[in-house]
Every structure is written in structure tokens, then in C-alpha cells.
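Atom set for the values below is all heavy atoms of this structure, side chains included, hydrogens, waters and symmetry mates excluded. One is the number of the first residue; the rest follow in order along the sequence.
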Amino acid sequence: MPAEPAATGRRQMVEQAASRRQLLPFAALSASYFAHIGFFNPYLPLWLKDLGFGIVAIALLTSVQSATRLFAPYGWGALSDHTGERVKLLRYGATVALLVSLALWFELGPVALAVVLLLMFTHTSAMMPMSEAALAHLVSQGGSFDARRYGRVRLWGSLGFLVTVFAAGAWFEHFGMVHFPHWTALTLLAVTASVWLLPDLKEPVSAMTEKLPVWPVLRQPAVRWLFAAAFFHVLAHIGIYVFFSLYLDALGYSKTMIGVLWAVSVVVEIGWFYTQSRWLPRLRLSAWLVVCAAAMVLRMGLTVGWADVLWVLLLAQALHALTFAAHHTACIALLSHHFPGRLRGRGQALYTVVAYGLPGVLGGVVGGLLSQRFGLVAVFWASLVVSVAATGCAWQVWRQRVEPPASA
């Protein structure tokens with residue numbers, strides 16, 4: 001009889017090892033993709049400034065990425081749901097983005113540069129939603145979201161971001177912004193290599209024959225409030241994503257210190273992703289949305305009022321563990337509940353459109369106009385107001401009480 005428990009234990013160990021092997025390529029993709037984002041997003045405004053563009057032009061050009069999130073994620077997500085070929089589409093998108101990025105090595109006017117960014121981001125803005133959809137079944141146990149497994153994959157993205165935001169800051173401090181296009185090509189090369197390492201996952205053909213409408217899900221009050229909360233929460237974040245580096249530069253911080261301040265937010269983000277299975281089960285997922293939105297109010301208040309005090313700014317950046325990492329996991333878990341199976345790709349894509357596309361375009365354009373008229377600090381005052389709206393919407397999600405448990 002003792003042989004049977006031993007055999008069961010060995011079988012469980014083999015299954016766990018196989019599961020880890022499946023997760024490793026997704027961890028590599030997360031690391032390489034966010035390594036690209038880690039240098040590109042913080043330093044794109046400074047590169048454009050170095051090229052001689054004004055604040056409004058910089059705001060418009062940095063908003064191109066968000067503009068592609070209005071249409072690209074849902075288009076790619078619907079195609080991936082229909083064909084089941086999420087990995088092949090990821091490979092195509094990464095390869096095309098890499099080739100298009102080579103155009104940044106040439107001297108371009110604002111229109112040509114906008115076209116290049118548009119083509120590049122059209123092929124990269126849906127990469128995370130598609131990979132999240134492909135990963136979803138690997139980080140679920142018994143129908144519930146496994147925060148530990150998801151966090152262990154996602155933290156590699158934070159590590160990739162941390163490495164490049166530090167390294168690029170030091171590099172640009174010593175050599176100037178002239179090598180920005182080279183960094184773009186190298187990081188996209190890493191992304192392209194990682195997607196070719198992904199397993200050839202494809203949903204069964206039988207699953208592809210059933211057409212599942214998404215509108216009945218969107219009509220649910222809990223889902224509508226979830227998307228509204230995500231919209232306002234990320235809109236409040238746009239001040240950080242687009243204008244934070246320019247804000248710090250105007251306050252006299254060096255590029256190295258700008259990198260350090262970005263890195264602080266990523267360090268606490270890594271800490272959260274690594275330990276989130278300990279904290280998430282202590283509250284309902286919707287309650288975490290309220291906590292994260294309230295933390296966003298505090299973060300924006302500190303950034304507006306005491307940005308010239310380094311330790312206060314460090315504290316504000318440390319709140320990123322809640323305002324981004326905890327918020328992101330709670331949203332992904334809720335999306336996995338509301339958009340299961342064949343709806344996964346479209347659910348993730350809609351989240352990207354509503355939570356990142358619309359806020360990115362609106363925040364970039366309006367933020368550019370505000371900063372030109374009233375100074376960069378006005379952007380963060382606006383973010384403070386918007387974060388209050390996010391808290392109200394998150395409260396409404398909490399009131400609906402329609403959600404799965406957060407599995408440890």
C-alpha cells in the first residue's frame with residue numbers, strides 16, 4: 001500500500017515540473033517585453049525633447065502608443081479567439097515591430113515619426129493581452145485565479161523593467177539620448193526571440209466552432225463599474241507614464257536620479273508580485289480595487305505637493321506596489337472570472353482598450369495642453385482629481401459583490 005502514495009507523490013512532482021516548464025517561456029516574454037517598456041516609456045519624452053520637439057508635440061507623439069490600444073488589442077484579440085493561434089500572432093507582431101523600429105535610426109519629421117510609432121505600436125500593443133489570454137489556463141486552479149503562479153510569472157516583467165530603467169538612465173546620462181533608437185531595436189530583438197520560444201499553444205478546433213457574444217457580459221453592472229474604475233485609475237496614472245520624467249527633469253533631477261525614482265516603483269512592484277498570494281486572500285478583489293484607488297489619491301497628492309522633497313517622492317513611488325501591481329492583479333483576476341474560455345482574448349483586449357487606450361490618448365493630449373498652459377504640475381493636480389473618481393467607481397464594484405475568491 002505505501003507504494004500508491006509514493007507513486008501519487010511522484011506524479012504530482014512530474015506535473016509541477018511540467019507546469020513550471022510551460023510557465024518559463026511566458027516569464028521570458030514578460031521580462032523582455034517590459035525590459036523594452038522600461039526604457040522606452042520613461043525616456044521617449046526625453047528623446048523627443050532632445051530632438052527639439054515642443055511639449056504639445058511630445059504629448060501627441062507619446063500618445064500614439066495609447067491610440068493604437070483603441071483598436072489593435074481588440075482586433076488582435078478577436079482574431080486570436082477565432083483562430084486560437086495566439087502564439088503565432090505574437091511571433092508575427094514582434095517580428096514586424098522589430099523591423100519597423102529600424103526606421104527610428106533615420107532622421108524623421110513629426111509626421112513620419114508618428115507613422116513609424118503607429119506601425120510599431122500596432123504590432124506590440126496587443127502582445128500582453130494575447131499572452132495573458134494564452135497564460136490564463138496555466139495560472140488557474142479549479143476555476144479560481146492562482147495569484148501565486150501569476151505573480152511569479154509577472155514579476156519577471158518587473159525585473160526586466162528594473163534592469164533597463166536603471167541601465168538606460170545611466171547610459172543616457174553619460175552618452176546622451178542619441179542611442180535611443182539602438183536601445184529600441186535591441187530590446188525588441190529580445191522580445192522577438194522570446195516569443196519564438198513560446199510553446200505552440202492552440203485551442204482545440206472544437207472550441208473554435210462556438211461563437212460566444214461578449215455584449216451580455218458587458219451589460220452586467222459589475223463589469224461596467226470594473227471597466228469604469230480601470231479607466232479612471234489608469235487615467236490618473238498617465239501623469240506618471242507620460243509626464244513624470246519631464247516633470248522631474250524640470251525640477252532639476254538628473255537622468256540617473258530619474259531612473260532611480262522609476263526603479264523604486266518597480267522594486268516594490270516586484271515585492272508585491274512575489275508575495276501577493278499572502279496578501280490578496282485577506283480582502284475581496286473588489287476591496288483591493290478600493291484600496292488601490294485610495295492609494296492613488298495619496299500618491300498624486302504627494303507628487304503634487306512635495307515633489308521637490310526627495311524622500312517624500314520616494315514614498316510616493318513606493319505606493320506603486322498598490323496603485324499598479326495590486327490593482328493589475330485584481331483586474332486580471334476579475335477579468336478571468338467575467339470573461340472565461342473563448343471570451344478571454346476579447347476580455348483582455350477590451351480591458352487594454354478601456355483601461356489603457358482611451359486614458360492614454362485623453363491623458364496625453366489633455367495633459368499636454370494643461371502643461372503648456374499651466375505648467376507640468378497641473379497634470380498631476382488633474383490626476384489627483386481623476387483618482388478620486390476612480391475610488392468612487394471602485395467602491396461601486398465592491399458594492400456589487402460579484403467576484404471569485406482570490407486563490408493563494
Side-chain angles (χ1 to χ4, degrees), residues 26 30 69-70 72-81 86 125-151 153-154 157 203 212-235 237 272-273 276-277 280-281 283-293 323-360 390 393-394 396-398 400-407:
F26 288 96
S30 183
R69 288 171 174 164
L70 296 175
Y74 193 81
W76 288 109
L79 183 60
S80 68
D81 276 350
R86 305 191 200 279
S125 60
M127 292 191 70
M128 279 301 101
M130 282 197 292
S131 66
E132 295 272 14
L135 178 63
H137 71 282
L138 297 178
V139 294
S140 297
Q141 298 290 332
S144 64
F145 185 81
D146 190 329
R148 182 179 182 273
R149 288 157 63 88
Y150 178 79
V153 172
R154 184 59 182 78
E203 293 184 21
L212 297 177
V214 73
W215 288 110
V217 179
L218 294 176
R219 283 195 288 266
Q220 298 174 18
V223 176
R224 292 202 303 266
W225 281 115
L226 172 62
F227 279 114
F231 170 82
F232 285 113
H233 191 93
V234 177
L235 182 59
H237 253 294
W272 175 269
F273 282 133
Q276 65 182 3
S277 60
L280 278 177
L283 294 175
R284 290 165 47 195
L285 291 170
S286 57
W288 278 112
L289 292 184
V290 178
V291 170
C292 296
T323 64
F324 171 73
H327 180 265
H328 178 74
T329 298
C331 287
I332 294 298
L334 289 168
L335 285 170
S336 298
H337 171 70
H338 291 298
F339 296 90
R342 289 285 319 286
L343 295 172
R344 279 201 310 269
R346 282 167 289 172
Q348 293 286 348
L350 281 170
Y351 173 70
T352 302
V353 170
V354 174
Y356 288 92
L358 290 171
C393 293
Q396 291 296 329
V397 178
W398 179 81
Q400 300 302 315
R401 299 178 183 273
V402 180
E403 60 188 281
S407 170

### Task
Before giving the answer on side chain to side chain contact (heavy atoms under 4.5 Å, CB included), spell out for Leu335 and Phe227 the whole-Å C-alpha distance, their side-chain angles and the decisive distance to 0.1 Å.
CA-CA 10 Å; Leu335 285 170; Phe227 279 114; 4.1 Å; yes
### Message
Walk me through whether Val291 and Trp398 qualify under side chain to side chain contact (heavy atoms under 4.5 Å, CB included).
### Response
CA-CA 11 Å; Val291 170; Trp398 179 81; over 6 Å; no
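Leu289 places none of its side-chain heavy atoms less than 4.5 Å from the side chain of Cys393. In this structure the side chain of Leu283 never reaches within 4.5 angstrom of the side chain of Val290, judged on heavy atoms.
Atom CG of Leu226 sits about 5.5 Å away from atom CG of Leu334, to the nearest 0.5 Å. Within the model, atoms CD of Gln396 and CZ of Arg224 stand 11.0 Å from one another, a figure rounded to the nearest 0.5 Å. Phe273 contributes atom CZ, which lies 5.5 Å from atom NE2 of His328 (distance to the nearest 0.5 angstrom).
Taking every heavy atom of both residues into account, Tyr351 and Cys331 meet most closely at OH-CB, 3.6 Å. Closest heavy-atom contact between Ala222 and Val397: O-CG2, 4.5 Å. In plain terms, the two heavy atoms of Ala355 and Ala230 that are nearest each other are CB-CB, 3.8 Å.
Taking the six-membered ring where tryptophan is involved, the planes of His237 and His233 are tilted, since the angle between them lies from 30° to 60°.
Put simply, the side chain of Trp288 never gets that close to the backbone of Ala326: no donor and acceptor are under 3.5 Å apart.
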